[in-house]
Amino acid sequence: MEYRDLIPDRLGGRFIASHIRIPNGGDVPDYVHYHKVRFQMIYCKAGWVRVVYEDQGEPFVLQPGDCVLQAPEIRHRVLEASPGLEVIEIGSPAVHETYADHEMQLSTGRVLPERLFGGQRFVRHIASEANWLASPIAGCEMRDTGIEVATSGLASVRVHKATHPATENGFQRHSGELLFVFVLNGELGLVSREEGKQRIFAGDSCVIPAGLEFSLQAGVGLELLEVSLPAGALRFSGG
């Protein structure tokens with residue numbers, strides 16, 4: 001695996017965001033394990049990966065645009081990956097404990113979608129089946145991954161897609177712990193009164209700090225991954 005750290009200072013150890021690549025595909029030498037985390041999600045950016053989770057049925061494949069919420073301490077295993085697999089993984093805290101569970105066999109043969117793990121439900125968001133909704137970013141629509149509901153508002157993970165490029169929003173501030181954006185495709189304009197306007201391109205990311213007055217502008221072909229803790233930090237609609 002190859003890792004790119006997307007939050008170099010890790011916000012004092014509170015969060016880690018990684019762009020992970022597996023250049024060569026095939027079977028993955030993984031084992032059943034779990035993490036002691038507060039929050040952890042994985043978004044498939046390119047390629048595919050076959051995984052299996054405790055009490056969530058048979059192994060399945062994450063395709064580009066798909067996302068999972070790895071609820072705290074859910075047992076799981078990575079089985080196989082395509083050449084050129086790329087995922088975005090975000091977790092809290094930045095350093096967390098990982099434990100092997102050599103006693104459990106996956107799959108368990110059970111499908112318990114409502115089971116809670118550390119107060120959260122497992123989420124598998126399938127991009128090809130998602131409904132597109134109105135986005136708080138002007139000129140965009142979005143798909144919601146369901147993570148806000150599954151975490152009882154601890155976090156939200158949404159993907160925004162431009163329908164009308166170069167549209168400006170008003171300014172807003174947020175008071176949350178994390179507002180992270182990763183440009184999947186196209187271009188994003190980020191404007192703040194302190195820093196002026198910056199252009200963020202595909203593969204770029206940023207953390208928008210609490211208290212900063214900012215605005216976003218959807219560029220041509222924009223597709224944007226937004227992760228907020230707590231949920232809904234991005235809220236341009238209504239000012």
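Numbers for residues simply follow the sequence, beginning at 1. Side chains included, hydrogens not; waters and symmetry mates left out as well; all remaining heavy atoms used. All values derive from a computational prediction rather than experimental measurement.
A distance of 11.0 Å separates CG in Asp144 from CH2 in Trp132, rounded to the nearest 0.5 Å. Of the inter-residue distances, the one linking Ile20 atom CD1 with Met1 atom CE reads 6.5 Å to the nearest 0.5 angstrom. Atoms CG and OG, on Leu190 and Ser215 in that order, are 8.5 Å from each other to the nearest 0.5 Å. Taken to the nearest 0.5 Å, the CG atom of Leu216 stands 5.0 Å off from the CD1 atom of Ile137. Rounded to the nearest 0.5 Å, atoms OG (Ser82) and CD1 (Ile22) are 8.5 Å apart. In this structure, the separation between CG on Asn185 and CG on Leu224 is 10.5 Å, given to the nearest 0.5 Å.
Residues His125 and Arg143 have side chains that bring a donor and an acceptor to within less than 3.5 angstrom of each other.
Atom CZ of Arg115 is surrounded by more than 12 heavy atoms from other residues, nucleotides or ligands within 6.0 Å. Remark: Glu194 CD is packed, more than 12 non-hydrogen atoms of other residues, nucleotides or ligands lying under 6.0 Å away. Counting heavy atoms of neighbouring residues, nucleotides and ligands inside a 6.0 Å radius, atom CD of Glu103 does not exceed 12 of them.
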Pair Arg193-Glu213, salt bridge (Lys or Arg N to Asp or Glu O under 4.0 Å): steps then yes or no: CA-CA 7 Å; Arg193 301 196 190 279; Glu213 194 172 21; 2.8 Å; yes

Please lay out, stage by stage, how Phe39 and Val227 fare under the test side-chain contact (heavy atoms from CB on, under 4.5 Å). CA-CA 11 Å; Phe39 170 75; Val227 180; 4.2 Å; yes

Pair Arg199, Asp204 - check salt bridge (Lys or Arg N to Asp or Glu O under 4.0 Å), show working. CA-CA 10 Å; Arg199 300 166 71 198; Asp204 295 344; over 6 Å; no

Should His35 and Thr98 be marked as a side-chain hydrogen bond (donor to acceptor under 3.5 Å, both in side chains) after you check the CA-CA gap, both sets of side-chain angles, and the distance that decides it? CA-CA 4 Å; His35 309 287; Thr98 296; 2.8 Å; yes

Evaluate Leu116 against Arg121 for side-chain contact (heavy atoms from CB on, under 4.5 Å), listing each step before the verdict. CA-CA 5 Å; Leu116 296 178; Arg121 288 189 293 104; 3.6 Å; yes

Any chance you could lay out the salt bridge (Lys or Arg N to Asp or Glu O under 4.0 Å) test for Glu223 and Lys161, step after step, and finish with the verdict? CA-CA 4 Å; Glu223 189 175 5; Lys161 179 176 69 175; over 6 Å; no

Run the side-chain contact (heavy atoms from CB on, under 4.5 Å) test on Tyr43 and Val87 for me, step by step, so that the C-alpha distance in whole Å, both residues' side-chain angles and the decisive distance to 0.1 Å come before the verdict. CA-CA 5 Å; Tyr43 180 91; Val87 301; over 6 Å; no

Run the side-chain hydrogen bond (donor to acceptor under 3.5 Å, both in side chains) check on Glu58 and Ser107 step by step: do they pass? CA-CA 6 Å; Glu58 296 301 311; Ser107 72; 3.0 Å; yes

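Under a 3.5 Å cut-off, the side chain of Asn169 and the backbone N or O of Ala138 do form a donor-acceptor pair. Between the side chain of Arg158 and the backbone N or O of Ser156 there is no donor-acceptor pair closer than 3.5 Å. Looking at Arg77, its side chain does come within 3.5 Å of a backbone N or O of Asp30 through a donor-acceptor pair. When atom types are taken as modelled, the side chain of Gln172 and the backbone of Ala233 share a donor-acceptor pair closer than 3.5 angstrom. Remark: the backbone N or O of Ala155 is paired with a side-chain donor or acceptor of Thr151 at under 3.5 angstrom. Ser92 places a side-chain N or O within 3.5 Å of a backbone atom of Arg14 that can act as its donor or acceptor partner. Side-chain atoms of Asp66 come within 3.5 Å of backbone atoms of Ala127 as a donor-acceptor pair (strictly under, hydrogens ignored). With Ser228 contributing its side chain and Ala231 its backbone, the two residues share no donor-acceptor pair below 3.5 Å. Side-chain N or O atoms of Glu54 include one that pairs as donor or acceptor with a backbone N or O of Arg75 at under 3.5 Å.
Trp48 and Leu184 fall into different hydrophobic clusters, where Ile, Leu, Val, Met, Phe, Trp and Tyr are joined by side-chain heavy atoms under 4.5 Å apart, directly or via other members. Under the 4.5 Å side-chain heavy-atom criterion for ILVMFWY residues, no single connected hydrophobic cluster contains both Leu225 and Ile200. Linking ILVMFWY side-chain heavy atoms closer than 4.5 Å, directly or via other members, places Leu178 and Ile88 in a single hydrophobic cluster. Grouping the Ile, Leu, Val, Met, Phe, Trp and Tyr side chains by contacts below 4.5 angstrom, directly or via other members, places Val78 with Leu62. When hydrophobic clusters are built by joining Ile, Leu, Val, Met, Phe, Trp and Tyr residues whose side-chain heavy atoms come closer than 4.5 Å, directly or via intermediates, Leu85 is grouped together with Val68.
Checked against side chain to side chain donor-acceptor pair (under 3.5 Å), Gln40 has the following partners two or more places apart in sequence or in another chain: Gln70, Glu89. Residues forming a side chain to side chain donor-acceptor pair (under 3.5 Å) with His160 (at least two apart in sequence, or on another chain): Ser135, Glu226.
Contact of the Pro59 side chain with the Arg50 side chain is registered, since non-hydrogen atoms from C-beta on lie closer than 4.5 Å. Residues Arg124 and Gln56 have side chains not in contact (no heavy-atom distance under 4.5 Å, counting atoms from C-beta outward). Side-chain contact between Glu148 and Pro230 is absent, with no heavy atoms from C-beta onward closer than 4.5 Å. Looking only at side-chain heavy atoms (C-beta outward), Cys44 and Ile42 stay at 4.5 Å or farther from each other. Residues Glu97 and Val37 have side chains not in contact (no heavy-atom distance under 4.5 Å, counting atoms from C-beta outward). Contact annotation: the side chain of Phe214 approaches that of Leu179 to within less than 4.5 Å [non-hydrogen atoms, C-beta and beyond]. Within the 4.5 Å cutoff, the side chain of Ile126 has no heavy atoms near those of the Cys67 side chain.
Residue Gln120 comes nearest to Arg38 through the heavy atom pair NE2-O, 2.9 Å, listed as atom of the first residue, atom of the second, then distance. Pro93 and Ile16 make their closest contact through O-CG2, 4.4 Å (heavy atoms, listed as atom of the first residue, atom of the second, distance).
Using the six-membered ring where Trp is involved, His76 and Tyr53 have ring planes that are parallel, under 30° apart on the 30 and 60° scheme. Ring geometry for Phe180 against Phe182 counts as parallel: the plane angle stays under 30°, on a 0 to 90° scale with 60° as the upper cut.
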